[in-house]
Amino acid sequence: MTEPDLSSDLQRDVARRRTFAIISHPDAGKTTLTEKLLLFGGAILLAGTVKARKSARHATSDWMEVEKQRGISVTSSVMQFDYAGHTINLLDTPGHEDFSEDTYRVLTAVDAAVMVIDAAKGVETQTIKLLEVCRLRSTPIITFVNKMDREVREPVELLEEIESVLKIDCAPVSWPVGMGKAFRGVFDLRHDRLVRFTPGEERRSEESESIAGIDNPRLDELFPDETAALRRDVELIRSASSPFDLKEFLAGRQSPVFFGSGINNFGVQEILQALVEWAPPPQPRDGGNRVVRPEESPFSGFVFKIQANMDPKHRDRIAFFRVCSGRYQPAMKVWHVRNGREMKLGNVHTFMANERVRSEDAVGGDIIGIHNHGLLQIGDTLTEGEALAYKGIPYFSPEMFRLARARDPFKSKQLQKGLQELGEEGAIQVFDTGTGNPLLGAVGPLQFEIVVQRLQSEYKVDALYDAASIHTARWLTFPDDPTRKRFEAENAMNLGRDVDENPVYLAPNIYNLQLAMERWPQVGFHATREHGQRLSHD
């Protein structure tokens, strides 16, 4: 029998946790930065792989077959490692806008974010959307301006754009020396030193020359062409920019900015150091009927993601679970709040992408994987008995729709099963319209392509996908049963059900939706709903 946790031990362990996501527009270098953070954290020896395998190397966080083929991240990965006396939970998110729902869900499970900006392109569309989501929760953000080893825009111009477009104050804490082929390293404004790196190294360089002081003659010897501009820039930045303010950062109003090159290891270790020093430890969470503090001894948390088939040899499904309070212990029993029943947490893991290690201990801030055979859904809360319900994990109304049918009618059941599992993990939304053919809803076309590919490779189902004459979907709430019955009788042709049996209005065009809303002012038409939420009455 394990001794009950002493609150001082729990407080100490929670204080050591740092849980953050990396967000960016596609191709800004997010997955590369993830690899290099793992490299500097000592979690991997060679960027691009967990072990130096004989096969072709792929990014550690891009473990899905489809990601390796396409060279993009389409699912969120979780990686845990220790660094400088802290336990880091790093969540890599899909950059592609078609998978923004997955990213939004991940952002509900973290306490901070690292935003990667492409120094040649500046602020891009997806970055704006993701920052808006962070702002909803006042998530503290560290900015990494990447790809300084290429011909890029002027650093001052980039800072001005970040401030004006993203509406967040910038506090540069490092400054690049040159760019492109003339990129020499970064000047650390906090410690008044220039840190030199050797470009083109996949392995971590243990010896990075550090030159103290902006007036050091060694700078003139090494970089005669760049030193005058560096001194001018540093003087300008120190006089004109806001100094870094920890309180403003933690409130989500100011972002410390680092410059570097992920691919060449420039400026990566500084990001890790900043996360350890500045990012907040696990924060209190809204548990529905009260705020839950991470140091509380009763165990609780929520499922923010479900992933099917992480191990192709075993048809498994893993529920990604953010621990919000207490301490996980092997084989402990918990209360499944939505189902109103007890369940045993028998087989729980921590992650290095898809490499799993059996978890013997986890506290607030940690992400654990729970083996799941359909019992857990996104948004589910597990506790030690209290009826909590952690808030804020959204479903968004899809923008594209397809009707699915198996090419081989004998595989219809396999298609239904595959779509149900992919729907439950949030890869796509699945609606029942009563026609026998599932209706799929997605944010963008790439989401459909990935689902088609996964159905073929993971479920061995080849299906046909017909265009559906639906413009948008809205979840419905009714003031009472008589109104619901009248509405359903009059609008039967436009109704469907989602995975949680919630009624959904499927509008063929925007005018139809507007007309329905005008005719039924007492009915709620909702563009979002929370995962696991059962809608019936307002």
**Student:** Do the side chain of Arg18 and the main chain of His86 share a donor and acceptor less than 3.5 angstrom apart?
**Tutor:**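 Side chain of Arg18 to backbone of His86, a donor-acceptor pair under 3.5 Å: no, none is there.
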**Student:** Checking Ser164 side chain against Glu161 main chain: does a donor-acceptor pair fall under 3.5 Å?
**Tutor:**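 Yes: the side chain of Ser164 pairs with the backbone of Glu161.
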**Student:** Decide yes or no for Thr19 and Val110: does some side-chain heavy atom of the first lie under 4.5 Å from some side-chain heavy atom of the second?
**Tutor:**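 Touching, per the 4.5 Å side-chain cut-off.
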**Student:** Is the shortest heavy-atom distance from the side chain of Ile263 to the side chain of Asn146 under 4.5 Å?
**Tutor:**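 Not touching, per the 4.5 Å side-chain cut-off.
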**Student:** State, with a plain yes or no, whether a side-chain heavy atom of Thr143 is found less than 4.5 Å away from one of Leu166.
**Tutor:**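 Heavy-atom side-chain distance check fails, nothing below 4.5 Å.
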**Student:** Should the pair Glu221-Arg218 be classified as a salt bridge under the 4.0 Å nitrogen-to-oxygen rule?
**Tutor:**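 Looking at Arg218 together with Glu221, the answer is yes, because their closest N to O distance falls below 4.0 Å.
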**Student:** Pairs in or reaching into residues 268-298: which pass ring pair (Phe, Tyr, Trp, His ring centres under 6.0 Å), with residues at least two apart or in two chains?
**Tutor:**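 Passing the test, one end in residues 268-298: Phe244-Trp278.
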**Student:** Any pair with a residue in residues 165-183 that passes salt bridge (charged side-chain N to carboxylate O under 4.0 Å, His left out), sequence neighbours left out, goes on the list, sorted by first then second residue, please.
**Tutor:**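 Sorted result for residues 165-183: empty, none.
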**Student:** Is there side-chain contact between Ile370 and Leu382, with heavy atoms separated by less than 4.5 Å?
**Tutor:**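 With C-beta onward as the side chain, the pair touches.
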**Student:** Using a strict cut-off of less than 4.0 Å between a Lys/Arg side-chain nitrogen and an Asp/Glu carboxylate oxygen, indicate whether Asp9 and Arg327 qualify as a salt bridge.
**Tutor:**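 No, no charged N to carboxylate O under 4.0 Å.
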**Student:** With ring pair (Phe, Tyr, Trp, His ring centres under 6.0 Å) as the rule and sequence neighbours excluded, what pairs involving residues 110-143 come up?
**Tutor:**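 Every candidate ring pair (Phe, Tyr, Trp, His ring centres under 6.0 Å) pair involving residues 110-143 fails, so no pair, neighbours aside, qualifies.
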**Student:** Would you please name every residue forming a side chain to side chain contact (heavy atoms under 4.5 Å, CB included) with Ala113, sequence neighbours left out?
**Tutor:**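 Applying side chain to side chain contact (heavy atoms under 4.5 Å, CB included) to Ala113 gives Ile23, Cys134, Thr139, Ile141.
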**Student:** Tell me, please, which residues at least two apart from Arg193 pass salt bridge (Lys or Arg N to Asp or Glu O under 4.0 Å).
**Tutor:**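 Salt bridge (Lys or Arg N to Asp or Glu O under 4.0 Å) check on Arg193 returns Asp188.
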**Student:** What is the minimum heavy-atom distance between Pro256 and Phe249, and which atoms define it?
**Tutor:**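 In this case the closest contact between Pro256 and Phe249 is CD-CD1, 3.4 Å.
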**Student:** Give a yes or no on whether the backbone of Gly267 and the side-chain of Gln269 come within a donor-acceptor separation of less than 3.5 Å.
**Tutor:**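 Looks like no, no N/O pair under 3.5 Å.
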**Student:** Who are the side-chain hydrogen bond (donor to acceptor under 3.5 Å, both in side chains) partners of Asp286, not counting sequence neighbours?
**Tutor:**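 Checked Asp286 against side-chain hydrogen bond (donor to acceptor under 3.5 Å, both in side chains); zero matches.
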**Student:** Any heavy-atom pair between the side chains of Met179 and Arg153 that's under 4.5 Å?
**Tutor:**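 No; the side chains remain at least 4.5 Å from each other.
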**Student:** At their closest point, which heavy atom of Pro172 faces which heavy atom of Ile237, and how far apart are they?
**Tutor:**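 Distance-wise, the nearest heavy atoms are CG-CG2, 3.9 Å.
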**Student:** Give the C-alpha distance, both sets of side-chain angles, the deciding distance and a yes or no for side-chain contact (heavy atoms from CB on, under 4.5 Å) between Ile214 and Phe187.
**Tutor:** CA-CA 8 Å; Ile214 192 69; Phe187 191 83; 3.7 Å; yes
**Student:** With a 4.5 Å cut-off on side-chain heavy atoms, are Lys391 and Thr108 touching?
**Tutor:**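 They are not in side-chain contact.
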**Student:** Measuring only between side-chain heavy atoms, which start at C-beta, is Val114 closer than 4.5 Å to Leu37?
**Tutor:**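 No - every pair of side-chain heavy atoms lies 4.5 Å or more apart.
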**Student:** Tell me every residue that passes side-chain hydrogen bond (donor to acceptor under 3.5 Å, both in side chains) with Ser174, counting only those two or more places apart in sequence or in another chain.
**Tutor:**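 In terms of side-chain hydrogen bond (donor to acceptor under 3.5 Å, both in side chains), with neighbours along the sequence ignored, Ser174 is linked to no residue.
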**Student:** Do Asn89 side-chain atoms and Gly365 backbone N/O form a donor-acceptor pair below 3.5 Å?
**Tutor:**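 The answer is yes, because a donor-acceptor pair under 3.5 Å joins these two groups.
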**Student:** Apply side chain to side chain contact (heavy atoms under 4.5 Å, CB included) to Arg290 and list each qualifying residue two or more places apart in sequence or on a separate chain.
**Tutor:**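 Partners of Arg290 by the side chain to side chain contact (heavy atoms under 4.5 Å, CB included) criterion, ordered by chain and then number, come out as Val292, Glu296, Glu386, Leu388.
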**Student:** The criterion is side-chain hydrogen bond (donor to acceptor under 3.5 Å, both in side chains); which residues satisfy it with Arg322, sequence neighbours excluded?
**Tutor:**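 By the side-chain hydrogen bond (donor to acceptor under 3.5 Å, both in side chains) rule, Arg322 matches Asp111.
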**Student:** With no hydrogens and no angle check, is any side-chain donor or acceptor of Thr381 less than 3.5 Å from a backbone partner on Val337?
**Tutor:**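 Side chain of Thr381 to backbone of Val337: no pair is present.
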**Student:** Scan Ile271, Leu272, Val268, Asn264 and name whichever one has a side chain to side chain contact (heavy atoms under 4.5 Å, CB included) with Lys36.
**Tutor:**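 Passing option: Val268.
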**Student:** Between Val152 and Ala119, what is the shortest heavy-atom contact and its length?
**Tutor:**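 Shortest heavy-atom separation between Val152 and Ala119 comes out as CB-O, 3.5 Å.
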**Student:** Verify the distance criterion only: is there a donor paired with an acceptor across the side chains of Tyr390 and Ser300 at less than 3.5 Å?
**Tutor:**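 Checked: Tyr390/Ser300 side chains pair up, N/O donor to acceptor below 3.5 Å.
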**Student:** Under the rule for ring pair (Phe, Tyr, Trp, His ring centres under 6.0 Å), what residues qualify as partners of Phe299, not counting sequence neighbours?
**Tutor:**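 By the ring pair (Phe, Tyr, Trp, His ring centres under 6.0 Å) rule, Phe299 matches Phe321.
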**Student:** Can you check side-chain contact (heavy atoms from CB on, under 4.5 Å) on Arg184 and Leu222, steps first, answer last?
**Tutor:** CA-CA 9 Å; Arg184 307 300 183 203; Leu222 289 169; over 6 Å; no
**Student:** Identify the two heavy atoms, one from Leu107 and one from Ala21, that lie closest to each other, and give their separation to 0.1 Å.
**Tutor:**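 Scanning both residues completely, I find the closest heavy atoms to be CD2-CB, 4.0 Å.
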**Student:** Passes side-chain contact (heavy atoms from CB on, under 4.5 Å), Asp220 versus Arg231? Steps please.
**Tutor:** CA-CA 11 Å; Asp220 300 281; Arg231 287 181 179 136; 2.9 Å; yes
**Student:** Looking only at heavy atoms, what is the nearest atom pair of Asp366 and Asp361, with distance?
**Tutor:**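 Of all heavy-atom pairs spanning Asp366 and Asp361, the closest is OD2-O, 4.5 Å.
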**Student:** Ring pair (Phe, Tyr, Trp, His ring centres under 6.0 Å): which pairs involve residues 133-181, sequence neighbours left out?
**Tutor:**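 Of all non-adjacent pairs touching residues 133-181, those that pass ring pair (Phe, Tyr, Trp, His ring centres under 6.0 Å) are Trp175-Phe259.
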**Student:** Of all heavy-atom pairs between Glu384 and Ser297, which one has the smallest distance, and what is that distance?
**Tutor:**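 The pair with the smallest heavy-atom distance is OE2-O, 4.0 Å.
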**Student:** For Glu163, check side-chain hydrogen bond (donor to acceptor under 3.5 Å, both in side chains) against everything at least two apart and list the hits.
**Tutor:**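 Not a single residue meets the side-chain hydrogen bond (donor to acceptor under 3.5 Å, both in side chains) criterion with Glu163.
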**Student:** Heavy atoms, side chains only, cut-off 4.5 Å: are Phe81 and Leu38 in contact?
**Tutor:**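 A side-chain contact exists here, since the closest heavy-atom pair is under 4.5 Å.
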**Student:** Short question: side chain of Asp380, backbone of Gln377 - any donor-acceptor pair under 3.5 Å?
**Tutor:**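 Checking the backbone N and O of Gln377 against the side chain of Asp380, a donor-acceptor pair under 3.5 Å is found.
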**Student:** Does this structure show an ion pair linking Arg150 with Asp118, if we count only N-O contacts that are shorter than 4.0 Å?
**Tutor:**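 No.
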